Structure formats: C-alpha cells, structure tokens
Amino acid sequence: MTGYVWLIPVFPLIGFLINGLFGKRLSRKTIGVIASGAILFSFLLACVIFFQMNSSVELSEKGIRNVLFPWIHIGDFSVNFGYLFDRLSGSMTLMVAGVSFLIHVYSIGYMAEEEGYWRYFAYLNLFVFMMLTLVLADNLLLMFVGWEGVGLCSYLLIGFYYTTEVASDAGKKAFIVNRVGDFGFMLGMFFLFTLFGSLEFQHIREAVISAGLKPEHGMGLITLATVLLFLGATGKSAQIPLYVWLPDAMAGPTPVSALIHAATMVTSGVYMIVKLNYVFQLAPITMLTIAWIGGLTALFAATIGTVQNDIKKVLAYSTVSQLGYMFLALGVGAFIAGFFHILTHAFFKALLFLGSGSVIHAMHHAFHHAGIHDKDPQDIRNMGGLKKYMPKTYWTFLVATLAIAGFPPFAGFFSKDEILWKTFASSHRVLWAIGAFAAILTSFYMFRLVYLTFFGEFRGSKREEEALHESPSVMTFPLIALAVLSVIGGWIGFPHIFKLPNVLEQYLEPVIENTGGIHFLHNSALEWGLMDVSILCAIAGWLFARTLYAGKSDVPGKLAKTFSYFYSILLNKYYVDEIYFALIIRPVKKIGDFCWLFIDTIIIDGTVNLVAYLARCFGRIYSLYQNGAVKVYALTMLGGILVLFWIFF
Amino acid sequence: MVGMLDYAILSAVLFTVGVVGILIRRNIITIFMCIELMLNSVNLLFVAFSRYMGHVDGQIFVFFIFAIAAAEAAVGLALVVAYFKLKETIEVDEIKLLKG
Amino acid sequence: MQLAFYILSFIAVFAAVMVVLSDRPIVSGLFLLLCFTAISGLYITLSAPFIAAMQLVVYSGAIIVLFLFVLMLLNQHRESPSKRNRFVTFVSVLGGVLIGVFIYLTMLKSKILLSYTKMSAVGGMKNNVETIAGVMFKKYFIPFELISILLLAAMVAAVFLSKKRV
C-alpha cells in the first residue's frame, strides 16, 4: 500500500468532482453518503498506511514518498508533484481525515434542510483534498497550493450563505486578510530557495544538517525568511495582527467553523512551523517573536472571549487563544508540545463547535416553531436550561469544556500543561505567567458559556420551549465520538513525571532536529508544582464563572456597569477592526479613489477619449474626400502613381 | 531595324492613351474599353520582350492575361448591366453610392 | 518589316486615340476593334502567330462583341454633355501624359531595354504553337488549370449577376 499515499487526497477530490458536477441531480442522501464515504476511505487508507509505515523501521525513519510527476523543471529549479507520508504528516493526516469524517457525518444532519446541500458537500470535500495536499506535500510549493486551496475553500464556505451581506463580507475579509499572510509565505519560500537551493523538505533538512548550521552563525536571510513564513502562519492560523478574519468567519455554517476554523485549516500555520522546525530554530529572533505573538494572542483573544454573547464568537476567540498557545509552544522550542496541542485542540474544539451547532439547530427550530424571525439563535442570552432538553449535547459539551479548561485527565490538560511547563522550563517566566493567566480566562469564559447555555431557566417564551429537542442521532454520534477522543486524546502525551510512556514525544522525536540548541530545565518538583498551579487556574476560572453565572445573579451586570469602560472595550474587541479600518482600509480606499477618480477617469480615460476624438475628427475630414465620385478616386490614384514615379525615378 | 525600344514606346503610348481615356470618359463601358486597351499595351510589351529575349514565357503570360481580361470583361459587364437595371444610368459621375 | 511596324503602329495609336475621343460608345467599340486588329498584326511582326490568332479570337471576336452587345442592350447612343469642370479634364489629360513621359524616361534609363536591338532567333521560336504548348502544359500546368477555374467562376458570376432581379 505504500505506493498509494497519493490516493489519500484523491478520494475527497473524487467526491468533490461527483458532488460538484452532478450534485444538483443527486438526492440528498446520496450526496451525504458520497461525501462522507470519500473521507472515510481516505481515513481508512491513511490508517493502513500509517500502521504499515510503523511496522517497518526504514519506512518510519524516512517516510513514504510518492512522486507522481515532475511538476516544474527550469534550470536548476525543479519541483516534483509528490506526497510524503512520514511520522509528522501521517499523524496530522489521521487527525484531519478522522475529524473531517465525523464533521461530514454531522453535517448530514445539520444541513439537512439547507439550500445548496450539494454545493456545501462539494466545497467540504474540496477543502479536505486541499488540506490533505497541504499536510502531505513533500515540498513547499505543493504545500503552498494546499495552503491557497484551503484559503479558497474557507472563503467559499464562510460565504456559503452568500445572500446575506454579513456572510459574503466575512468571506471577503477572510480571503483578503489571508492574502497578506500568503504574500509572506511566498516570499519566505523564495528566500528558503535562495538559501538552500531546493523547496523539498527533505533537501532543506539535509542541507541544514550537513552544513551544520547553528543559530550563532547569525544568518540574516534565515531570520528574514522565517519571519516571512511566520507572517504566513499568522494569516492562516489567526494570530496578531492578522487574526481579525477568524471571528467573522463564524458567519459560515457551524460544521464549517468546526472543521476549518477550529480543527484543521487554522492549524496549518503551526504544522508548517513544526515541519520546518530545523530552519526556525536557526533564527532565535524569529523564535522569540513567535513566542511573544503566541502568548499575547492567547491572552488578548481570551479577554475578548470573556464578554462575547454570541456562542460561536466565544468559541472563535477561544480558538484564536488556543492557537496562541500553540505558537507559544513553538516559540519556546517545544515543537512536539505545540503539535500535541493541535491534536487535542482539534478534538475538543471540533466537539465544542459541533455542540454549539446542535444548540443553534435546536434554538433555530424553537424560534421557527414560535414564528419568531428576528431573534438570534446564536445569542446565549436567549438560551438557558437546555441541559434538560438536550442531554447528549450537554454532556459532550461539558466534556469538551473540561478538556479546554484543562481539568485532568481530559485531553486539554496534558497538552496545555506541557506547553506551560516547557515555556517555564525554557526560562520564559513572563510568558508562562501570561499563559497561566490566559488559562484562568479560558476556564472562565468556557464555564460562563456552559452556565448561560445549559443551566438555569430557559430565557424564552413557553412556545419556544415546547419545540426544544435533542438533535438527531446522525448529529449526536460525532459528538459522542469526539467526546471520547477529548477524554483519551491527551493520554498519548503523559508528562515525564507521571512515569508513563509519552507515546507522542517518542514517536515524533526524529522529526525534530535540535539545530537551535534549545535546552529545557529538568526539575520534577517544579514541574509538579506548576502542574498544580495550572489545575488551580482551571478551578479558579470555573469557580469565578460559577459565582457570576450559575444562579440568578445581577453581579455580571453590576460589574459591567462599574467597569463599563473596560467592558465596552472588550465587547468591541479592543476596537481592532475599527483601528484597522481607520489605519489601513480607509487610506487604501482613498488611494483607490484617487486612482479611480483622477488617474483612471481623468488621465487614462481622458487620453483614450482624446485619441478617439481625434480619430473621429480626422475621420470627419477625410470622409469629405470619400464622396463616392469615381473621377476623384481615379485622379487620386494617378497622383499617387506620379508621386511614386517621382520617388523612384 | 526596329528595336525593342520602338515596341516599348508604342506600348507606352497606348498605355497613356488608355489612362487618359479612363480619366476623361464618363461612360463605364468606354472606361472598360480603355482598360482593355491598357491590358493590350502590356501584352504587346510582353510579346516584344519574349521575342527579343528569346523566351517563350512572355507569350504564356499574354495568354493568361487574355483569360483574365475575358473574365474581367464578363463580370464587369454583368455588373454594369445589373447596375443599369437598378439606376437606369451608367454615367460614372452619377454613381455615388459609396459616398462616405 | 520596318514599314509594316510603322503602318500598324500608326493605325493602333490612331484607333486608340479615337476610342478615347469619340463620345459615342459604339464608335469607340469599333475603333477598339481596329486597334486590336492592328496589335494582332504587330504580333505577327514579332513572329508570334499563336498570340496573334488568339488576339483576334479573344479580343476582336469575343470581348468586343460582348461590349457591343451590352451597348445595344443598354441602348447607349451618345454620352450626355459633360458637367465636369474643364480644369479637372485638363488635369486628367496632363496627368495621363505625365505618366507616359515618366514611362518613356524610365525606359531610356534602362540599359537592358536599350541593349535589345536585334530579335533573338532562338530555336524554340520556330514552331511557335508547339513551343507554347510544351511550356504551358509542363511548366505552367497548375496556373493554367487555375485560370480555367477562374474563367468558370467568372462565367457563373456573370450569369448570376445578369439573371438576378433587382
């Protein structure tokens, strides 16, 4: 099976082609089965190849490489269209395909009544194809194809409800903001090519190792290249300063938010950096930048998340915050911890989104039943007490909340604790403090969400309440599956102090090349202590949320009034959108207006019109001569002949 | 002895007469005749060259010109007839359909 | 020979001038016939009997007859008095004559032309028709076929144009 790695991304492509070309004529059931089936095939094939790879020492060291055909070959620049299935990309593929499959299944239920059912599944399959291409690419250029492709699918799916202005605007915003990052990625790629003469990961790695490069060599170009690549990562993975598109991306269907904007696509920036860890380590400045950007994003997004009222917005900011943790891990050199958090985060964040989708689905039905059209089914102020009506959703949501908040033994605890410990152990104390504080906030806003959504009394009319019901089993099955993963997913990476095998770290050890000489502190007592601190953080956030939101309390309102200044800043997301609007969009628009109204309309159009006007004037003059009289033509011809004679005589 | 130049001059004179005829006559058919005259002057030059250079190719060209002149006369006159049916005149000064 | 050339060329030029000067198309046509016949005689002086015969058949026979037929068909007697500016006529004549002068001057400059004073007596020239046939059906075979297609096309066009009701 080792020759069939390329089939993994091809299955979703086939699904996309079938649904995209013939979807209009197929029944909804067929479409759903084709789309989910394609992903299931990919997943199963990936599993088979994964186990085959691990059973052979040689394959698991080198990875399975499928070169389909030489793609570009100019001079000494050559790129193959090839897929590489190694330990890192293999693990990522399993996660992507697995989570995608669950979300596809969920979508069958969630989208059942939507228009454009086939379009949705076609886009979703295309997305998975692109994502798998990104993950499995054996060179940067092919990765960039996937990178752009997922961006495109993200745009298409955010703007899925393209008839509403919010959705189409959000789609455009995501696309444009991502372009800024893509530009960085491209430049970074070009610099890497000039440095190493190849775009293939294996070649770059060999070049770095054989040259014995060390950060002390202080290569400015590497710093520049890595900073640019990181700019690309901030675009795709929603970090400061390019995170603004992600919260708006919630305008898309909820399963899309779960798949693209939480579990898979947004982690591609992290994945890329893990993949190129040996290059990034050569640039300590970049590493420091990554760590700080990650830490600040984690804190910044978490603070915004504490006051949002839209269930999906809270989760969106939570995603940004969790991605910040991943970058924090990368920045301090704990690449495996960052990747570990990708995996666990994929499980519990997908679960959270799907759970919120289930809630929104129910609320939507309730409003529909009551004949209400102006109420927002995503606003948590309209919910409450849903625990009674949606037990499965509640329990799974709670599991995910415990996971993200960092309660042992749920998945999030292990990965987040690993990140915090590694941050501390690489002597970034301030960043550790920021991370720990963000952990309190995380726990707080998640429990706030849980309390407001599932506890207390339902804050709607009786008529709405009648229609509340649990979602169909096609939707709850993925919830349960993901809930199980959210519990046990973290057990692949026990900390050393537990004296249990850390499967993930042992497995990914060969992927990481310690070119940067990164050194971590080893102190079991300290690690135990810090672990207690992070558990305490989670508990503190929970208790705080419980005091404020569990009962009928007016404390939150009072707090908001007392600190109305801060509250409004947080509610308006630090006015970042407004600042961007004033500092970037307006000047650009002004320049555009100038180019349009002055350069284009007056200068260019004026020139063109002038030429046309002159041509018309000459035409008028010469048309006097075109009077149709043969004698004039004959005489003119005679004159012409005479002139020619005169010239050549 | 008659030289090549004499034939050439004769040809030039006939050609000139044809040109003047085209310019001063107003009847399309007469203009056609003048065109035939010009073609003949060229034919004469061809045959003269053929004779003086000892090449038969010139005469072949003359033969081709015959054919083309015949075709031209046939189509041209058919056009004249068609035009006459339409406008009842074949005076070139009256023909101004192509006025721009 | 010399005498024949001068007499024939005088007839040809005289007839040509009359073609242009006559304001009756019928008269022009008949003078044209005379001109063509004189030119046919000139071909004989150039020892090109085949071309001379063709000249008589095609021009004097077919084309002139066609002209005269059309003239009769359209009932053209005399050109209506000219409304043209005299100046335009004068310029036309002057221009035409200038072209002739230029052609003459050009010929005088041509050394090759002036060098041909004697008719060359190439062997191939003796049996004129046979020589022409040999060249035409070997070297110029494809042009010959193309010309025949052209004639056919012209015939179809002529029939179509004169038949079409306007």
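Treat the numbers as computed from the prediction; the structure is a model and nothing was measured. Here is how names work: the chains are called A, B, and so on, in the same order as the sequence lines, proteins then strands, and each is numbered from 1.
Side-chain contact between C:T131 and B:Q59: absent, with no pair of heavy atoms (C-beta onward) separated by less than 4.5 Å. With contacts defined as side-chain heavy-atom distances shorter than 4.5 Å, the pair B:T16/C:Y104 does not qualify. Side-chain contact between C:Y59 and B:N40 is present, with heavy atoms from C-beta onward closer than 4.5 Å. Counting heavy atoms from C-beta outward, B:N43 and C:I39 have side chains that stay 4.5 Å or more apart. Within the 4.5 Å cutoff, the side chain of C:L46 has heavy atoms near those of the B:Y7 side chain. Residues B:L5 and C:L113 form a side-chain contact, since some pair of their non-hydrogen atoms from C-beta on lies under 4.5 Å apart.
Of the two parts of C:L66, the backbone and the side chain both hold a non-hydrogen atom closer than 4.5 Å to a non-hydrogen atom of chain B. Looking at C:I112, there are no atoms closer than 4.5 Å to chain B (heavy atoms on both sides), in backbone or side chain. Contact annotation for C:Y140: both backbone and side-chain heavy atoms come within less than 4.5 Å of a heavy atom of chain B. At a 4.5 Å heavy-atom cutoff, B:I22 makes no contact with chain C through either its backbone or its side chain. Looking at B:L10, the atoms closer than 4.5 Å to chain C (heavy atoms on both sides) all sit in the side chain, from C-beta outward. With a threshold of 4.5 angstrom between heavy atoms, C:I103 approaches chain B through side-chain atoms but not through N, CA, C or O. Looking at C:F50, only its side chain comes within 4.5 Å of chain B, counting heavy atoms on both sides. B:F32 touches chain C through backbone and side chain together, each having a heavy atom under 4.5 Å away. Proximity to chain C (any heavy atom under 4.5 Å) is restricted, for B:V13, to the side chain, taken from C-beta onward. Both the backbone and the side chain of B:I24 come within less than 4.5 Å of a heavy atom in chain C. For B:F61, the part sitting under 4.5 Å from any heavy atom of chain C is the side chain, from C-beta outward, and nothing else. With a 4.5 Å cut-off on non-hydrogen atoms, B:I60 touches chain C through its side chain but not through its backbone. For a residue to count as touching a neighbouring chain, one of its non-hydrogen atoms must lie under 4.5 Å from one of that chain's; by this rule B:E88 does not touch chain C.
B:M33 and C:P25 get closest at one heavy-atom pair: CE-O, 3.7 Å. For the pair B:V19 and C:G96, the tightest heavy-atom approach, listed with the atom from each and the gap, is CG1-CA, 3.9 Å. In plain terms, the two heavy atoms of B:G21 and C:V20 that are nearest each other are CA-CG1, 3.5 Å. When every heavy atom of B:A70 is checked against every heavy atom of C:L151, the shortest pair comes out as CB-CD2, 4.4 Å. Residue B:A67 comes nearest to C:I147 through the heavy atom pair CB-CG2, 3.3 Å, listed as atom of the first residue, atom of the second, then distance. Here the closest non-hydrogen pair linking B:A78 and C:L161 is CB-CB, 3.9 Å.
Of the listed residues (C:V13, C:I99, C:V58), the greatest number of heavy-atom pairs within a distance under 4.5 Å of chain B belongs to C:V13. Comparing C:L74, C:V70, C:V19, C:V93 by heavy-atom pairs within less than 4.5 Å of chain B, the highest count is held by C:L74. Interface summary for chain C: among B:V81, B:L39, B:I68, B:L44, the most heavy-atom pairs under 4.5 angstrom belong to B:L44. In terms of non-hydrogen atom pairs under 4.5 Å with chain B, the most contact-rich of C:A62, C:A157, C:P143, C:A153 is C:P143. Heavy-atom pairs under 4.5 Å with chain C peak, among B:F15, B:F49, B:F64, at B:F64.
Taken to the nearest 0.5 Å, the SG atom of C:C35 stands 5.5 Å off from the CG atom of B:L14. With rounding to the nearest 0.5 angstrom, the CD1 atom of B:I65 is 9.5 Å from the CD1 atom of C:I51. Atoms CG and CE, on C:L114 and B:M4 in that order, are 10.5 Å from each other to the nearest 0.5 Å. Here the straight-line distance linking atom CZ of C:F36 with atom CD of B:E36 works out to 5.5 Å at 0.5 Å rounding.
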Take C:L32 and B:L37 through the test side chain to side chain contact (heavy atoms under 4.5 Å, CB included) and record every step on the way to the result. CA-CA 8 Å; C:L32 193 63; B:L37 196 60; 3.9 Å; yes
Using side chain to side chain contact (heavy atoms under 4.5 Å, CB included), reason through B:F63 and C:I132 one step at a time and then give a plain yes or no. CA-CA 10 Å; B:F63 183 80; C:I132 289 180; over 6 Å; no
Worked verdict on B:V2 versus C:T45 for side chain to side chain contact (heavy atoms under 4.5 Å, CB included): CA-CA 10 Å; B:V2 185; C:T45 67; over 6 Å; no
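Proximity of a side-chain donor or acceptor of B:R25 to a complementary backbone N or O of C:S22 within less than 3.5 Å is detected.
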